[in-house]
Amino acid sequence: MAIFKKHFPLLLALIGFLVLLPYLNRPLTGQHDWNSVYFGQAARNHLRYGLLTTKLGVVTNAGFPSATLGYYTHHPILMPLMLAGSLAVFGINDWAIRLVAAVSAALLIYFLTRLSNLLYGRFTAMLVGILLIFSPMLRYYGTIPIHETAVLGWLGLTFWAYFSWLKTSKPRFFYLTCLGLTLSQLTSWAGYYLSVYLPLYALIFSHRFFRRSWPQFTILFVIAPIMFLLFKLHIYWLTGASGQASLWQAFLFRVNAPSATQIFGFNLTQFLLLQSRWMVIYFTRISVILGSLWLIRFIYQLIKRRPISLSVSAPLPLLIFGFTHNAIFRQQAFIHDYTLIYLLPFFALTSGIMLYQLLRLLLRRSIVAAVIFTLIVLIFFVTERRAYLQALYHSGDNNPAYNLSKTLNQLTPPSAQILLLNTELMRFYDVFFNFYSDRQITAADNLPENLSSLSTFDYVVIPQSHDYVTKPDRDFLYRHFAVTDTRWGQIFTTQKL
């Protein structure tokens, strides 16, 4: 029992990882797994070309090694390097790519549970851990390797170390805060917000400590500009001036600036309505209600000018931090529901706090009523989005690129040049073709007018799922080339071989 009391955050983190474990070996074809294969390809390129050749940059090349490298420069670089490390240890497979997100989720559970235990006690911490483990947001996106999930563990480290430093004044927690902040900013743009929010929170709610420790808070603040300067220098090293312009255009697009080309038009009302719906879906009605109750109580305490302790105010920076990314990058938030994952620490923490407060009220009347209430709330929380989660897990079952790409990988040599006769299929599923086929693929809707140019390709492919090939083109292929007829399409071997 003593071991459990001391190490229950670690136990909860292990349980959280085991909950995610059955879903790690799914193909990278589900909702928003576009990111999984895109950055999985970059991770594989780190192993294929070597870190000295990639210069730690996110290389986008697909297929047979090329002397010319293309770079993606719109995000910090640590996440693909983490994926590369997992692939180097466990081999190139789907579950090794998903593993990085799952470990990050487990680290978040561990550190947020420790933070809750520090500020609110063991029982509240256990509730927070359970709410994190079974959150629909974490149960699905905790297996999707994107910057927003890969950074969760580092964010958890930062929050725990920061509040431990405020509470104990021990220097080691300041150094851990710096470490967590640096790793967060190397992984995701969201880490940069904390360089502002952490000093600002202490200035408002712990001003005496802030005055004593202003040099340390200055360090926390300047970490962000230093990291951004290093990021910009790295981009220049990789791509020169073109990378700077590309980053600026991506910024304008993601903030939904009028000058940027927009695919989706939306106004503020539509944006807020969609974000609200997603919050209810991914955090459940129960968590949204409990989190809202905490916010109402906090505002009431401010209005009444009641003393605000560290434990009372601690969820506030988590709330502001959780909304910041979506408030800035509105275009990204409008089409990517997973950006709301930054609100997960707030909803888990405040739900645990308020649930414990309600239990204390019930315990004054009846222990049985308190136990029954707790079980009902947790059962509803765990099961509320069960059907939706199952739909997410199966969202990639009909990905038309997956099986055809795996077939091409098995039936063609690594140096193969392939012509795919459907541009629409390639346009929407190019990253899946690139990752799973690991071949050089060019798309066209028809055979070239100069048929002799087919000699530049080793194979011509008619996809079964998107077969729009004209009869003359099909007849030509069958007359002149050997064909391998598979369930996923016809693969013609050209005369080049």
Side-chain angles (χ1 to χ4, degrees), residues 23-45 48 58-64 66 70 72 80 83 87 92-98 101 140-141 143-146 263 335-336 338 391-447 457-469 473-474 477 483-494:
Y23 305 101
L24 293 187
N25 206 30
R26 294 179 294 117
L28 304 172
T29 57
Q31 176 170 292
H32 293 303
D33 264 325
W34 189 99
N35 300 277
S36 306
V37 291
Y38 186 82
F39 292 108
Q41 176 70 30
R44 185 166 60 189
N45 283 333
R48 175 170 290 163
V58 182
V59 174
T60 59
N61 292 47
F64 200 67
S66 170
Y72 172 84
L83 296 181
L87 294 181
I92 298 176
N93 53 70
D94 295 344
W95 69 263
I97 290 177
R98 294 196 185 278
Y140 180 71
Y141 285 113
T143 62
I144 306 292
I146 45 180
I263 299 176
I335 60 177
H336 297 105
Y338 57 77
L392 288 176
Y393 290 139
H394 293 283
S395 57
D397 289 356
N398 296 315
N399 186 308
Y402 174 70
N403 288 301
L404 178 56
S405 299
K406 297 275 283 187
T407 302
L408 291 173
N409 180 268
Q410 294 167 2
L411 298 182
T412 64
S415 60
Q417 296 286 333
I418 299 172
L419 176 64
L420 179 71
L421 290 179
N422 193 289
T423 56
E424 181 184 54
L425 180 63
M426 191 64 180
R427 184 168 67 251
F428 283 100
Y429 295 96
D430 57 339
V431 292
F432 299 98
F433 277 110
N434 291 339
F435 181 78
Y436 281 112
S437 73
D438 198 23
R439 300 292 183 267
Q440 292 285 345
I441 299 179
T442 303
D445 288 321
N446 302 289
L447 293 178
F457 297 102
D458 304 304
Y459 299 91
V460 178
V461 178
I462 300 177
Q464 187 69 34
S465 61
H466 292 66
D467 184 357
Y468 306 139
V469 176
D473 283 351
R474 187 186 307 275
L477 291 171
V483 60
T484 301
D485 202 349
T486 74
R487 180 181 176 185
W488 318 109
Q490 292 79 47
I491 303 172
F492 296 86
T493 304
T494 69

Show every donor-acceptor pair shorter than 3.5 Å between a side-chain atom in residues 432-441 and any protein atom, with sequence neighbours excluded, or say none if there are none.
unit_1: N434; atom_1: ND2; unit_2: D430; atom_2: O; d: 3.3
unit_1: Y436; atom_1: OH; unit_2: L28; atom_2: N; d: 2.8
unit_1: Y436; atom_1: OH; unit_2: D94; atom_2: OD1; d: 3.1
unit_1: Y436; atom_1: OH; unit_2: D94; atom_2: OD2; d: 3.1
unit_1: S437; atom_1: OG; unit_2: F433; atom_2: O; d: 2.4
unit_1: S437; atom_1: OG; unit_2: R439; atom_2: N; d: 3.3
unit_1: D438; atom_1: OD1; unit_2: R44; atom_2: NH2; d: 3.4
unit_1: D438; atom_1: OD1; unit_2: R48; atom_2: NH1; d: 3.0
unit_1: D438; atom_1: OD1; unit_2: R48; atom_2: NH2; d: 3.3
unit_1: D438; atom_1: OD2; unit_2: R48; atom_2: NH2; d: 2.5
unit_1: R439; atom_1: NE; unit_2: T412; atom_2: O; d: 3.3
unit_1: R439; atom_1: NE; unit_2: T412; atom_2: OG1; d: 3.0
unit_1: R439; atom_1: NE; unit_2: P413; atom_2: O; d: 2.8
unit_1: R439; atom_1: NH1; unit_2: S437; atom_2: O; d: 3.2
unit_1: R439; atom_1: NH2; unit_2: N409; atom_2: O; d: 3.0
unit_1: R439; atom_1: NH2; unit_2: T412; atom_2: O; d: 2.7
unit_1: Q440; atom_1: NE2; unit_2: A62; atom_2: O; d: 2.7

* Partners meeting ring-ring contact (aromatic ring centres under 6.0 Å, His included) with H466 (sequence neighbours left out) -> none
* Structure fact -> Across all chains, not counting sequence neighbours, the ring-ring contact (aromatic ring centres under 6.0 Å, His included) partners of Y38 are W34, Y72
* Applying side chain to side chain contact (heavy atoms under 4.5 Å, CB included), run through V461 and I418 and close with a yes or a no. => CA-CA 7 Å; V461 178; I418 299 172; 3.6 Å; yes
[X] and [Y]: which non-hydrogen atoms are nearest, and at how many Å?
| X | Y | answer |
| --- | --- | --- |
| D33 | P27 | OD2-O, 3.9 Å |
| P80 | A43 | O-CB, 3.6 Å |
| Y459 | L411 | OH-O, 3.9 Å |
| L419 | A443 | CD1-C, 4.3 Å |

Is a side-chain donor or acceptor of [X] paired with a backbone partner of [Y] at a separation under 3.5 angstrom?
| X | Y | result |
| --- | --- | --- |
| N422 | L425 | yes |
| Q31 | G396 | no |
| N403 | W488 | no |
| T29 | N399 | no |

* **Partner set under side-chain contact (heavy atoms from CB on, under 4.5 Å) for F64, not counting sequence neighbours** => P414, S415
* To do: Report the residues that fulfil side-chain contact (heavy atoms from CB on, under 4.5 Å) with A96, sequence neighbours left out, ordered by chain and then residue number.
  => S86, L87, F90, N93
* Asked: If you count the non-hydrogen atoms of other residues, nucleotides and ligands that lie under 6.0 Å from CG in D485, is the total more than 12?
  -> yes
* Asked: Got more than 12 heavy atoms from elsewhere within 6.0 Å of CZ, R427?
  -> yes
* Asked: Step by step, would you call R26 with D397 a salt bridge (charged side-chain N to carboxylate O under 4.0 Å, His left out)?
  -> CA-CA 10 Å; R26 294 179 294 117; D397 289 356; over 6 Å; no
Quick check: do [X] and [Y] have side-chain heavy atoms less than 4.5 Å from each other?
| X | Y | value |
| --- | --- | --- |
| T407 | T484 | no |
| D458 | T493 | no |
| V469 | N446 | no |
| I146 | H32 | no |
| I491 | V460 | no |

* To do: With sequence neighbours left out, write down each residue that passes salt bridge (charged side-chain N to carboxylate O under 4.0 Å, His left out) with D445, or none if nothing qualifies.
  => none
* Of N35, V37, T60, which meets side-chain contact (heavy atoms from CB on, under 4.5 Å) against V431? -> V37
